[in-house]
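Order of listing sets the numbers, starting from 1, for every ligand and every atom in it. Along the sequence shown, residues are numbered consecutively beginning with 1.
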Amino acid sequence: MTLSTHTAIGAIIGFSFGNPIVGFILGFISHFLVDMIPHGDSEIADQYKVQKVNVKKILAYMMIDAVTAIILIVTLFETRSADNTAVLGASIAGSVLPDLLVGIYEVTKSKYLLWFNRLHFFFHDYFIIKYHDIKLPYSLLGQFIFIFLVFKTI
Ligand SMILES: [Zn+2]
């Protein structure tokens with residue numbers, strides 16, 4: 001999923017639980033479970049990592065997603081988190097951390113993160129391998145609607 005979707009799910013967890021440690025752990029676990037839903041990014045990940053094509057386009061996609069996630073976080077903190085800032089921040093941090101660790105692994109190829117990268121993609125590719133991925137535009141539309149509904153609700 002996009003970082004923006006993981007941010008929205010982290011926000012739901014943050015508003016649902018009153019403890020930042022619980023929020024962080026549940027946010028972290030939620031990342032793997034949500035990533036299991038085929039979400040259309042396997043082709044661009046393959047283009048980026050294996051084929052080394054469309055690299056600038058893919059980096060632009062990731063930067064737009066990161067900036068969108070930051071805007072969502074700032075909006076949340078500005079409008080809805082007067083008394084639960086720590087829980088909200090911890091839950092969102094836990095929910096996006098796995099992708100950040102994967103990004104660090106991609107840049108460094110650190111042997112200390114190899115196991116984590118494999119764990120992440122075990123979950124990420126679990127159903128894609130058995131079935132197939134969906135088209136990215138449909139996934140992005142669905143995620144956009146989901147984020148919109150989350151922000152309308154919380
Ligand atoms: Zn992920």
Side-chain angles (χ1 to χ4, degrees), residues 1-17 20-76 87-151 154:
M1 297 291 172
T2 61
L3 286 176
S4 304
T5 298
H6 287 299
T7 296
I9 292 167
I12 293 170
I13 293 168
F15 282 110
S16 303
F17 297 91
I21 295 170
V22 172
F24 181 86
I25 292 169
L26 291 179
F28 194 82
I29 292 169
S30 79
H31 185 106
F32 295 97
L33 300 177
V34 171
D35 260 3
M36 290 177 79
I37 301 167
H39 50 276
D41 65 356
S42 61
E43 187 178 322
I44 62 171
D46 189 51
Q47 289 175 349
Y48 180 78
K49 291 195 295 192
V50 180
Q51 301 170 32
K52 309 287 185 197
V53 296
N54 296 329
V55 171
K56 286 183 180 176
K57 189 173 152 187
I58 294 164
L59 288 174
Y61 167 83
M62 292 189 307
M63 283 190 278
I64 290 168
D65 180 31
V67 169
T68 303
I70 290 168
I71 291 169
L72 293 175
I73 293 166
V74 170
T75 303
L76 273 172
V87 179
L88 190 60
S91 301
I92 293 172
S95 67
V96 299
L97 183 60
D99 278 353
L100 299 179
L101 293 174
V102 166
I104 292 170
Y105 172 76
E106 280 300 318
V107 172
T108 64
K109 298 296 182 193
S110 168
K111 63 182 177 185
Y112 301 109
L113 289 173
L114 176 61
W115 69 271
F116 185 83
N117 189 61
R118 288 181 176 156
L119 177 72
H120 176 269
F121 283 101
F122 170 79
F123 286 97
H124 186 277
D125 297 341
Y126 190 81
F127 289 116
I128 295 171
I129 291 170
K130 290 183 176 176
Y131 305 103
H132 62 85
D133 207 355
I134 65 169
K135 297 287 184 195
L136 185 60
Y138 298 133
S139 169
L140 293 177
L141 176 63
Q143 291 182 67
F144 176 81
I145 293 168
F146 173 77
I147 292 166
F148 178 79
L149 292 174
V150 167
F151 274 73
I154 58 176

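- A side-chain donor-acceptor contact under 3.5 Å links Asp133 to the backbone of Gly40.
- With contacts defined as side-chain heavy-atom distances shorter than 4.5 Å, the pair Thr7/Thr68 does not qualify.
- Between the OD2 atom of Asp35 and the NE2 atom of His31, the angle taken at the Zn ion (ligand 1) works out to 90° after rounding to 10°.
- Between Phe24 and Phe28, the ring planes are parallel. Angles under 30° get that label, and only those over 60° would be called perpendicular.
- Not a single N/O/S atom of His6, whether from backbone or side chain, sits less than 2.8 Å from the Zn ion (ligand 1).
- When atom types are taken as modelled, the side chain of Ser95 and the backbone of Gly27 share no donor-acceptor pair closer than 3.5 angstrom.
- Sorting the N, O or S atoms of Asp99 by how far they are from the Zn ion (ligand 1) puts OD1 first.
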